[in-house]
J.: 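Have a look at this one before I ask anything.
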Number of protein chains: 2
Amino acid sequence: MSRLEEIVDAAQRLLEDEGPGAVSMRRLAAELGIQAPSLYKHVDGKDRIEAELQERALTELAAALQPAADLRDLAHAYRQWALLHPRLYELTARRPLHRDQLRDGVETAASARLVALSGGDVDRARALWAAAHGLVDLELAHRFPEGADVQAAWDALVAAFDRVADREDGELDPLCRQP
Amino acid sequence: MSRLEEIVDAAQRLLEDEGPGAVSMRRLAAELGIQAPSLYKHVDGKDRIEAELQERALTELAAALQPAADLRDLAHAYRQWALLHPRLYELTARRPLHRDQLRDGVETAASARLVALSGGDVDRARALWAAAHGLVDLELAHRFPEGADVQAAWDALVAAFDRVADREDGELDPLCRQP
DNA sequence: ACCTGAACACCGTTCAAGT
DNA sequence: ACCTGAACACCGTTCAAGT
């Protein structure tokens, strides 16, 4: 295991266990038993460490979404992953993506399943992606009232987009059948 | 104008002009021609200043959304306000809300119009709110590809929710009419 | 090749002291 | 009542020096 990997591992551990405030170069160095300036022999700076964590998060998220068979599955998998790795999700979603330091394809892999399930309509895929992100973001930030039924909001979202999908696929919409 | 108001004004100016990194207690004090520790005679801490800015933002956003006549209007007003005040939006949406320091009603006022236009269905209102937030959040974070048609994504979102609304209102949905 | 100590330019905040 | 200077416990980062 390279020294860089050790550093990123320690960063992930600190982030997930103690929150973003704990991920400082000095704390990180202490975790490896060295001094802070020594880190710069293995990493160009803190941004690089963040980029590495963003890449790990996107790769894991992509893997979690991959098996989804429909929008409901996808929504569920998205929410579950985010709730399991809230700090990692926040780091990846709320902060600027260090795109130049991401391996090619990592970003699109995460959205591939989504685009596929949106019938190839990129605009709808983006709206859905944003909606899922928004729901997770608001939930993680504790923006919903105390007893709010977050799952019901997800259901409402999936319902809205499912119906549109049905429509544009030309499928029969049960709500359209007249008795 | 109270000293507190002067401080918050300076904070808003710094935030909007130079970004969140510029809003430090030392910089803020310099802006008022005093030393940093003196600020603590007028404010309990930096969190209080942030809470004050969040309150201003929510109040302004609520006012911007108030005249919206339909979902399309609302979506447009939401996006426009966020793009006009990106730093303020980020401060309010991405960081924990200092709820205990917000005047009562400020938060619900911002969402009142949304709930009204969702036909009173809170779950749909939350999904829509989250979707709007997500679209703005991703746009501000430059998460969409270079030439992405963000407006088209908004249109897709409004379309999805408009149709559901039509349905549940029992109105005739034009796409359901058979020739 | 890897690490250290000292330093630089910053943070938010506390506190005794001054007017 | 309002402000200051010095201090505390932190940041990310640089750099000459050591092994």
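Just so you know, these numbers use all the heavy atoms, side chains as well, and skip hydrogens, waters and symmetry mates. Just so we're on the same page: letters track the sequence lines, and every chain starts at 1.
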J.: Need two values: the first and the last nucleotide of DNA chain D, 5' to 3', having an atom under 4.0 Å from any heavy-atom of chain B.
T.: D/dC3 to D/dA7
J.: Among residues 13-25 of chain B, which residues get a heavy atom nearer than 4.0 Å to DNA chain C?
T.: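 The stretch gives B/Val23, B/Ser24, B/Met25 as the residues lying under 4.0 Å from the strand, ordered by number.
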J.: Using a 4.0 Å heavy-atom cut-off across all strands, classify B/Arg3 as base, sugar-phosphate, or nothing.
T.: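 The residue B/Arg3 makes sugar-phosphate contact but no base contact.
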J.: side-chain contact (heavy atoms from CB on, under 4.5 Å) with A/Val106: which residues, sequence neighbours excluded?
T.: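 A/Glu55, A/Leu58, A/Thr59, A/Arg103.
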J.: Looking at side-chain heavy atoms only, is the closest gap between B/Leu32 and B/Arg3 below 4.5 Å?
T.: yes
J.: Which of these, A/Arg27, A/Arg13, A/Arg87, sits in a side chain to side chain donor-acceptor pair (under 3.5 Å) with A/Glu18?
T.: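 Result: among A/Arg27, A/Arg13, A/Arg87, A/Arg27 is the only option passing the side chain to side chain donor-acceptor pair (under 3.5 Å) with A/Glu18.
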J.: Would you please name every residue forming a ring-ring contact (aromatic ring centres under 6.0 Å, His included) with B/Trp154, sequence neighbours left out?
T.: none
J.: Stepwise, does the salt bridge (charged side-chain N to carboxylate O under 4.0 Å, His left out) test hold for B/Asp9 with B/Arg56?
T.: CA-CA 10 Å; B/Asp9 282 351; B/Arg56 286 189 183 188; 2.8 Å; yes
J.: How far, in whole Å, is D/dA9 from C/dA9 if one measures between their P atoms?
T.: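 Here C/dA9 and D/dA9 have their P atoms 22 Å from each other.
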J.: Determine whether B/Met25 and B/Tyr40 make a side-chain contact, defined as any pair of heavy atoms from C-beta on separated by less than 4.5 Å.
T.: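 Side chain of B/Met25 against side chain of B/Tyr40, heavy atoms only: contact under 4.5 Å found.
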J.: Which residues in residues 27-40 of chain B have a heavy atom closer than 4.0 Å to any atom of DNA chain D?
T.: B/Ile34, B/Gln35, B/Pro37, B/Ser38
J.: Would you say the ring centroid of A/Trp129 lies under 6.0 angstrom from that of A/His133?
T.: no
J.: Which stems does DNA chain C form, counting runs of 3 or more consecutive Watson-Crick or G-U wobble pairs with both distances under 3.5 Å?
T.: C:4-8 with D:12-16, C:12-16 with D:4-8
J.: Considering only NZ, NE, NH1 and NH2 on the basic side and carboxylate oxygens on the acidic side, decide whether B/Arg126 and B/Asp121 come within less than 4.0 Å.
T.: no
J.: Would you kindly confirm whether B/Leu88 and B/Leu135 end up in one hydrophobic cluster when ILVMFWY residues are joined by side chain heavy atoms under 4.5 Å apart?
T.: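 As far as the 4.5 Å side-chain criterion goes, B/Leu135 and B/Leu88 are connected within one cluster.
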J.: Do A/Asp155 and A/Arg72 sit within salt-bridge range, that is, some charged N less than 4.0 Å from a carboxylate O?
T.: yes
J.: With a cut-off of 6.0 Å (strictly less than), are more than 12 heavy atoms of other residues, nucleotides or ligands near NE2 of B/His76?
T.: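 No, NE2 of B/His76 has 12 or fewer neighbouring heavy atoms, counting only those of other groups under 6.0 Å.
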J.: Is A/Glu139 salt-bridged to A/Arg79, going by a charged N under 4.0 Å from an acidic O?
T.: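 Looking at A/Arg79 together with A/Glu139, the answer is yes, because their closest N to O distance falls below 4.0 Å.
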J.: Any salt bridge between A/Glu52 and A/Arg48, counting N to O under 4.0 Å?
T.: yes
J.: Specify the residue among A/Arg26 and B/His42 whose closest nucleotide of DNA chain D lies further upstream toward the 5′ end.
T.: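 Closer to the 5' end of DNA chain D: B/His42.
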J.: Within the structure shown, what part of the strands sits under 4.0 Å from A/Lys41 by heavy-atom distance: base, sugar-phosphate, or nothing?
T.: base
